[in-house]
Amino acid sequence: MLNLKDSLNSLKSSEEFKNFKKSNKKAYLCSFFRIVGEGESLDWQIDFYLPEKDKMTSFSVSDKVKIIDAESKIFKKKEKKVDPLNLDKVKINLDNAFSIIEELKSKKYQN
């Protein structure tokens with residue numbers, strides 16, 4: 001499984017992202033998404049919030065980088081803020097996170 005920081009670095013070094021940032025200088029990282037389980041995709045979806053437009057742009061990152069959703073509406077109340085995601089503050093790796101999820105599922109959500 002590709003490391004989040006490696007995926008982000010791949011994105012940031014791509015032409016697609018560089019072109020995006022030229023016209024969206026205030027956009028910032030706000031989320032990572034990936035379907036896990038049977039038939040899972042190997043792609044990470046990496047989302048950037050555009051505060052001046054109150055919209056989000058999503059990138060697919062695997063062996064290629066592509067924009068999968070440009071300037072889409074986001075599901076939040078107008079007055080709520082989308083916080084930036086700072087990977088330097090993340091203190092748990094993905095393997096540990098998945099272990100915690102599995103333990104929680106088996107204890108509280110068996111069905």
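Count residues from 1 along the sequence. Note that these values count all heavy atoms, side chains included, but never hydrogens, waters or copies made by symmetry. Please read these numbers as outputs of a predicted model, since none were measured by experiment.
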Next item on the list: Grab the two heavy atoms, one from K78 and one from K76, that are nearest each other, plus how far apart they are.
Entry: O-NZ, 3.4 Å
Next item on the list: For K53, look at atom NZ and say whether over 12 heavy atoms of other residues, nucleotides or ligands are found less than 6.0 Å away.
Entry: yes
Margin query: Using a 6.0 Å cut-off, check whether atom NZ of K26 has over 12 heavy atoms from anything other than its own residue.
Written below: no
Check: How far does OG1 of T57 sit from CG of L50, to the nearest 0.5 angstrom?
Finding: 4.5 Å
Next item on the list: Check whether the side chains of S58 and D69 place a donor and an acceptor atom closer than 3.5 Å, and report yes or no.
Entry: no
Margin query: Return the CH2 to CZ distance between W44 and F33, rounded to the nearest 0.5 Å.
Written below: 9.5 Å
Check: Any chain of hydrophobic side-chain contacts (each under 4.5 Å) joining F20 to Y49?
Finding: no
Next item on the list: Flag yes if V82 and L85 sit in one hydrophobic cluster, no otherwise; membership is Ile, Leu, Val, Met, Phe, Trp, Tyr, and two members link when side-chain heavy atoms are under 4.5 Å apart.
Entry: no
Notebook entry, point to check: Should M56 and L11 be regarded as members of a common hydrophobic cluster, given that ILVMFWY residues are connected when their side-chain heavy atoms come within less than 4.5 Å of each other, either directly or indirectly?
Noted result: no
Check: Do the side chains of L4 and I101 join up, straight or via other hydrophobic residues, at under 4.5 Å, putting them in one cluster?
Finding: yes
Margin query: Working note: N24 + E52, criterion side chain to side chain contact (heavy atoms under 4.5 Å, CB included); need CA distance, chi angles, decisive distance, verdict.
Written below: CA-CA 9 Å; N24 297 285; E52 66 280 358; 4.1 Å; yes
Check: Does Y28 share a hydrophobic cluster with F17, counting links as ILVMFWY side-chain heavy atoms below 4.5 Å and allowing steps through other members?
Finding: no
Check: Roughly how far, to the nearest 0.5 Å, is the NZ atom of K12 from the CZ atom of F59?
Finding: 11.5 Å
Margin query: Using every non-hydrogen atom in the two residues, find where V61 and S7 come nearest and quote the distance to one decimal.
Written below: CG1-O, 3.7 Å
Check: Does some side-chain heavy atom of F32 sit less than 4.5 Å from a side-chain heavy atom of V90?
Finding: no
Notebook entry, point to check: Has the side chain of K25 got a donor or acceptor atom that lies under 3.5 Å from a matching backbone atom of K22?
Noted result: yes
Next item on the list: Kindly compute the distance separating NZ (K89) from NZ (K91), expressed to the nearest 0.5 Å.
Entry: 9.0 Å
Next item on the list: Check whether any side-chain N or O of K21 sits under 3.5 Å from a backbone N or O of A27 as a donor-acceptor pair, and report yes or no.
Entry: yes
Checklist line | Distance in Å, K5 NZ paired with L87 CG, rounded so as to fall on 0.5 Å steps | finding: 6.5 Å
Next item on the list: State the NZ-NZ distance between K55 and K73, to the nearest 0.5 angstrom.
Entry: 6.5 Å
Next item on the list: Take I100 and I92 through the side chain to side chain contact (heavy atoms under 4.5 Å, CB included) test and state the conclusion after the steps.
Entry: CA-CA 10 Å; I100 293 167; I92 186 170; 3.4 Å; yes
Note to self: To check you understand the geometry: which heavy-atom pair defines the closest contact between S31 and D47, and what is its length?
What the structure shows: OG-OD2, 2.5 Å
